[in-house]
Amino acid sequence: KFVPQKPAMKGVTEFFSTDELWPWCRDKLADGAELIGEVKFDGFRTVVSKDNEHVQIWFEDAKEDRSDSLPSLVAAFKKLPHPSFILDGELLATRSGKLAPRVELFGLLTGEKKDLEPRLMVFDCLYLDGEDLSRRSLKERRSVAKGVIAKIGDADVRWSVGRPIRDQAELRMVGLWAASQEGSEGLVVKDITQPYRVGGSEDWAKLKTVVELKTVVLSASRTENGWT
């Protein structure tokens with residue numbers, strides 16, 4: 001099973017403010033890292049692979065190919081003038097051009113919500129036309145990925161913009177920019193000098209501006225204004 005790269009999530013690569021995140025960035029920069037910040041979209045982490053006419057779409061937590069649920073993306077990727085590739089990104093859902101909440105992605109995939117369309121934000125390319133790119137730097141791979149999706153004409157496949165982070169002031173500005181974007185749940189900071197590492201990685205860090213609270217509902221009762 002393919003496990004996408006992501007922040008290690010061991011208590012040192014997930015933060016809730018730029019002040020908390022800055023020591024991680026400072027240490028990386030001191031070691032020669034080149035950092036960029038991208039929007040942390042609230043969607044499904046997605047890997048798209050193409051082998052001639054065979055296109056597969058996998059999610060981080062899914063164990064089956066979901067390409068049958070996303071025919072518009074499959075058709076667009078089949079048209080690309082590349083016999084093979086593996087792209088990494090985030091799947092979102094849109095309604096009339098506006099991003100829908102993450103929970104509605106399930107309705108897109110099941111076909112229950114006919115008014116939703118897929119949007120894929122691409123940020124990496126691991127393989128292209130028979131060549132494994134995973135050992136190249138993320139900076140090189142991003143350049144390749146941007147070139148690949150530039151050739152897509154009739155599907156909502158977009159580039160995940162990365163902004164440079166060279167000091168604490170830039171981290172704050174990039175953090176504010178990322179948090180202000182539609183569909184954002186925060187910021188992902190990446191060291192683009194590094195190769196692709198499967199699974200949790202110290203090369204990425206995440207700043208969350210949305211806090212999730214998981215609870216168990218013990219009881220519910222109807223009132224005049226709704227439920228309590």
Side-chain angles (χ1 to χ4, degrees), residues 4-9 12-48 60 86-94 97-99 102 119-126 128 133-134 136-152 155-197 200-211:
Q5 181 173 347
K6 60 181 181 180
M9 302 295 289
V12 294
T13 56
E14 183 176 35
F15 305 92
F16 294 92
S17 73
T18 54
D19 288 340
E20 287 182 2
L21 177 55
W22 169 242
W24 181 91
C25 295
R26 180 192 59 213
D27 292 345
K28 289 289 184 183
L29 291 167
D31 288 339
E34 186 176 349
L35 302 180
I36 63 167
E38 296 178 55
V39 177
K40 174 64 179 74
F41 289 102
D42 191 14
F44 290 170
R45 183 68 176 277
T46 303
V47 174
V48 180
E60 181 180 355
I86 298 176
L87 297 174
D88 196 356
E90 192 92 359
L91 181 71
L92 310 171
T94 65
K98 299 291 185 180
L99 288 180
R102 185 179 190 272
R119 173 180 295 173
L120 184 65
M121 304 299 301
V122 174
F123 47 72
D124 202 348
C125 181
L126 310 178
L128 183 67
L133 307 179
S134 64
R136 293 194 190 184
S137 70
L138 177 56
K139 186 174 186 177
E140 292 179 89
R141 301 194 316 269
R142 280 178 58 83
S143 178
V144 172
K146 189 174 183 180
V148 170
I149 68 166
K151 300 163 188 173
I152 289 183
D156 198 353
V157 178
R158 303 190 180 191
W159 179 239
S160 180
V161 174
R163 294 193 172 186
I165 296 172
R166 290 161 292 208
D167 53 39
Q168 190 169 11
E170 285 191 336
L171 173 61
R172 288 172 177 158
M173 289 189 294
V174 174
L176 288 171
W177 161 77
S180 71
Q181 301 304 299
E182 183 185 17
S184 171
E185 64 170 0
L187 171 73
V188 178
V189 179
K190 302 176 181 179
D191 179 359
I192 60 174
T193 68
Q194 296 300 311
Y196 197 90
R197 304 185 198 279
S201 169
E202 298 291 333
D203 300 331
W204 294 13
K206 178 170 68 172
L207 186 159
K208 294 194 70 174
T209 56
V210 175
V211 178

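Because the structure is predicted, anything quoted here is derived from the model rather than measured.
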Residue pair V174 / R163: nearest heavy atoms and the distance that separates them: CG2-CB, 3.9 Å
R142, R45, K6, K190 screened by salt bridge (charged side-chain N to carboxylate O under 4.0 Å, His left out) with D88, the one that passes: R45
Shortest non-hydrogen contact from G43 toward L92: CA-CD2, 3.7 Å
Nearest non-hydrogen partners of G37 and W177, listed with the distance: O-CZ3, 3.7 Å
S134 OG to R197 CZ distance, which is reported to the nearest 0.5 Å: 11.0 Å
Side-chain heavy atoms of L35 within contact of L29, under 4.5 Å: yes
Gap separating the CZ atom of R141 from the CG atom of L87, nearest 0.5 angstrom: 12.0 Å
Interatomic spacing from CD in E140 to OG1 in T193 - rounded to 0.5 Å: 10.5 Å
From R158 atom CZ to R119 atom CZ, the distance as rounded to the nearest 0.5 Å: 3.5 Å
Side chain proximity check, L133 to L126, heavy atoms < 4.5 angstrom: no
Residue pair A178 / S184: nearest heavy atoms and the distance that separates them: O-OG, 2.8 Å
Closest approach of A179 to T209 (non-hydrogen atoms, all atoms of both residues): CB-CG2, 4.0 Å
Within-4.5 Å side-chain heavy-atom neighbours: L176 and T18: no
Note, K28 side chain near D203 side chain (heavy atom, < 4.5 Å): yes
Donor-acceptor contact below 3.5 Å, side chain E182 vs main chain L99: yes
Where G89 and F123 come nearest, the two heavy atoms and their spacing: CA-CE2, 3.5 Å
Side-chain donor/acceptor of D31 to backbone N/O of A33, under 3.5 Å: no
Within-4.5 Å side-chain heavy-atom neighbours: Q168 and D19: yes
Pairwise distance CG(L91) to CZ(R102) - rounded to 0.5 angstrom: 10.0 Å
Gap separating the CG atom of L138 from the CD atom of Q194, nearest 0.5 angstrom: 9.5 Å
